[in-house]
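All remarks here apply to the structure that follows.
One is the number of the first residue; the rest follow in order along the sequence.
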Amino acid sequence: MKPKPKTEKSRLQLLHQYYNYTGFYKFVWDAIKKASPYIIAVIGLVYLINSFFDINKALTQLTEILPAYGVLSFFFVSETLLGLVPPEIFIAWAGKMYSPWFYLAILAVLSYTGGLVSYWMGRSITKIPSVHNYIEVKMEKQLKNSKKWGGFLIMVGAVLPLPFSIACMAAGIIEFPFKNVLLYGSLRFVRYIIYGLIIFNVL
């Protein structure tokens, strides 16, 4: 029974050495540092607006006023363009419908599809000559690391409470393989299942 913990420990050490050697930790840290000013700016803007105008209350009222197809359309647009509206509001709305899990499934599909649309929006951005030259020349090193760890970027955006569409758009900009986006992005469904279990008071 004792040799097993040593084996597990050695595997973790090898994994840590691999990530350290390939520059994974540095890539994550650099990405956090570069994204922090924008994240702080967005949070500050949302906080400023919310201090004068209750955003969550307005969104909740919006889900009560609009018909089901209107709420779903608004959600899809939100999940495609930056995804800054918290999906929990829409999941709570689904919980009030006559078939909560059916509407939750629709939300999950729309969120996943919105991310894929964002991916192709990112690919379209790279078609702009100035953007293409900047990425290929001035960001050559970062681009190489991003392509290497693009799967991690997608998984973080799919599972954690971060804008999924932004992660997918970034994946499109770095031309991360679409088939991998389809695969890693499918973790988005896991998040919705977990949120559904919590918000619908199943757990």
Side-chain angles (χ1 to χ4, degrees), residues 8 12 15 24 28 31-32 35-36 38-119 121 149-171 176 180-203:
E8 293 296 332
L12 290 174
L15 192 63
F24 173 72
V28 173
I32 292 173
S36 293
Y38 301 100
I39 295 174
I40 294 172
V42 170
I43 293 175
L45 180 62
V46 172
Y47 178 79
L48 181 63
I49 296 174
N50 200 54
S51 62
F52 297 99
F53 183 73
D54 195 333
I55 298 175
N56 286 337
K57 184 179 179 180
L59 290 171
T60 301
Q61 290 177 343
L62 187 65
T63 60
E64 295 173 352
I65 297 173
L66 292 176
Y69 68 86
V71 175
L72 295 174
S73 299
F74 180 78
F75 174 74
F76 177 71
V77 172
S78 170
E79 288 294 279
T80 303
L81 303 176
L82 302 181
L84 297 179
V85 179
E88 293 81 5
I89 294 175
F90 298 94
I91 297 174
W93 165 80
K96 299 176 182 178
M97 302 301 286
Y98 62 88
S99 182
W101 287 101
F102 171 73
Y103 281 95
L104 179 68
I106 295 178
L107 291 176
V109 171
L110 290 176
S111 179
Y112 178 68
T113 306
L116 300 183
V117 174
S118 296
Y119 171 85
M121 289 172 61
W149 303 111
F152 175 79
L153 176 70
I154 296 296
M155 287 189 290
V156 168
V159 178
L160 298 181
L162 299 170
F164 179 54
S165 63
I166 293 180
C168 290
M169 187 176 292
F176 190 68
N180 291 343
V181 176
L182 289 171
L183 176 63
Y184 296 127
S186 63
L187 289 173
R188 191 68 172 170
F189 294 102
V190 176
R191 181 186 175 187
Y192 275 79
I193 291 173
I194 294 174
Y195 271 45
L197 291 173
I198 296 173
I199 295 178
F200 297 168
N201 294 320
V202 175
L203 294 179

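Under the side-chain contact (heavy atoms from CB on, under 4.5 Å) criterion, Ile166 pairs with Leu82, Pro163, not counting sequence neighbours. Scored by the side chain to side chain donor-acceptor pair (under 3.5 Å) test, Tyr184 finds no partners at all (sequence neighbours excluded). Not counting sequence neighbours, the partners of Ala170 by the side-chain contact (heavy atoms from CB on, under 4.5 Å) test are Leu153.
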Go through Phe90 and Tyr103 one step at a time and tell me if the ring pair (Phe, Tyr, Trp, His ring centres under 6.0 Å) criterion holds. CA-CA 9 Å; Phe90 298 94; Tyr103 281 95; over 10 Å; no
Does Leu72 form a side chain to side chain contact (heavy atoms under 4.5 Å, CB included) with Ile106? I'd like the steps, not just the answer. CA-CA 8 Å; Leu72 295 174; Ile106 295 178; 3.9 Å; yes
Go through the steps to decide whether Leu197 and Tyr192 satisfy the test side chain to side chain contact (heavy atoms under 4.5 Å, CB included), and finish with yes or no. CA-CA 8 Å; Leu197 291 173; Tyr192 275 79; over 6 Å; no
Between Tyr119 and Met169, does a side chain to side chain contact (heavy atoms under 4.5 Å, CB included) hold up when you go through it step by step? CA-CA 4 Å; Tyr119 171 85; Met169 187 176 292; over 6 Å; no
For Asn180 and Ile154, run side chain to side chain contact (heavy atoms under 4.5 Å, CB included): C-alpha distance rounded to whole Å, both residues' side-chain angles, the deciding distance at 0.1 Å, then the answer. CA-CA 9 Å; Asn180 291 343; Ile154 296 296; over 6 Å; no
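Listed for the Ser111 side chain is no donor-acceptor partner under 3.5 Å among the backbone atoms of Leu107. Ser78 contributes no side-chain N or O that, together with a main-chain N or O of Phe74, makes up a donor-acceptor pair within less than 3.5 Å. Judged by distance alone, with hydrogens and angles left aside, the side-chain atoms of Tyr195 form no donor-acceptor pair with the main-chain N or O of Pro87 at under 3.5 Å.
No side-chain N or O of Ser165 forms a donor-acceptor pair with one of Glu79 less than 3.5 Å apart.
Here OG of Ser118 is found 7.0 Å from CG of Leu81. Values are rounded to the nearest 0.5 Å. Considering CH2 of Trp93 and CD1 of Ile199, their distance stands at 13.0 Å, rounded to 0.5 Å.
Side-chain contact between Arg188 and Val159 is absent, with no heavy atoms from C-beta onward closer than 4.5 Å.
Ring pair Phe189/Tyr112 is tilted by interplanar angle, where 30° to 60° counts as tilted.
Closest approach of Ala94 to Leu104, counting heavy atoms only: CB-N, 4.1 Å.
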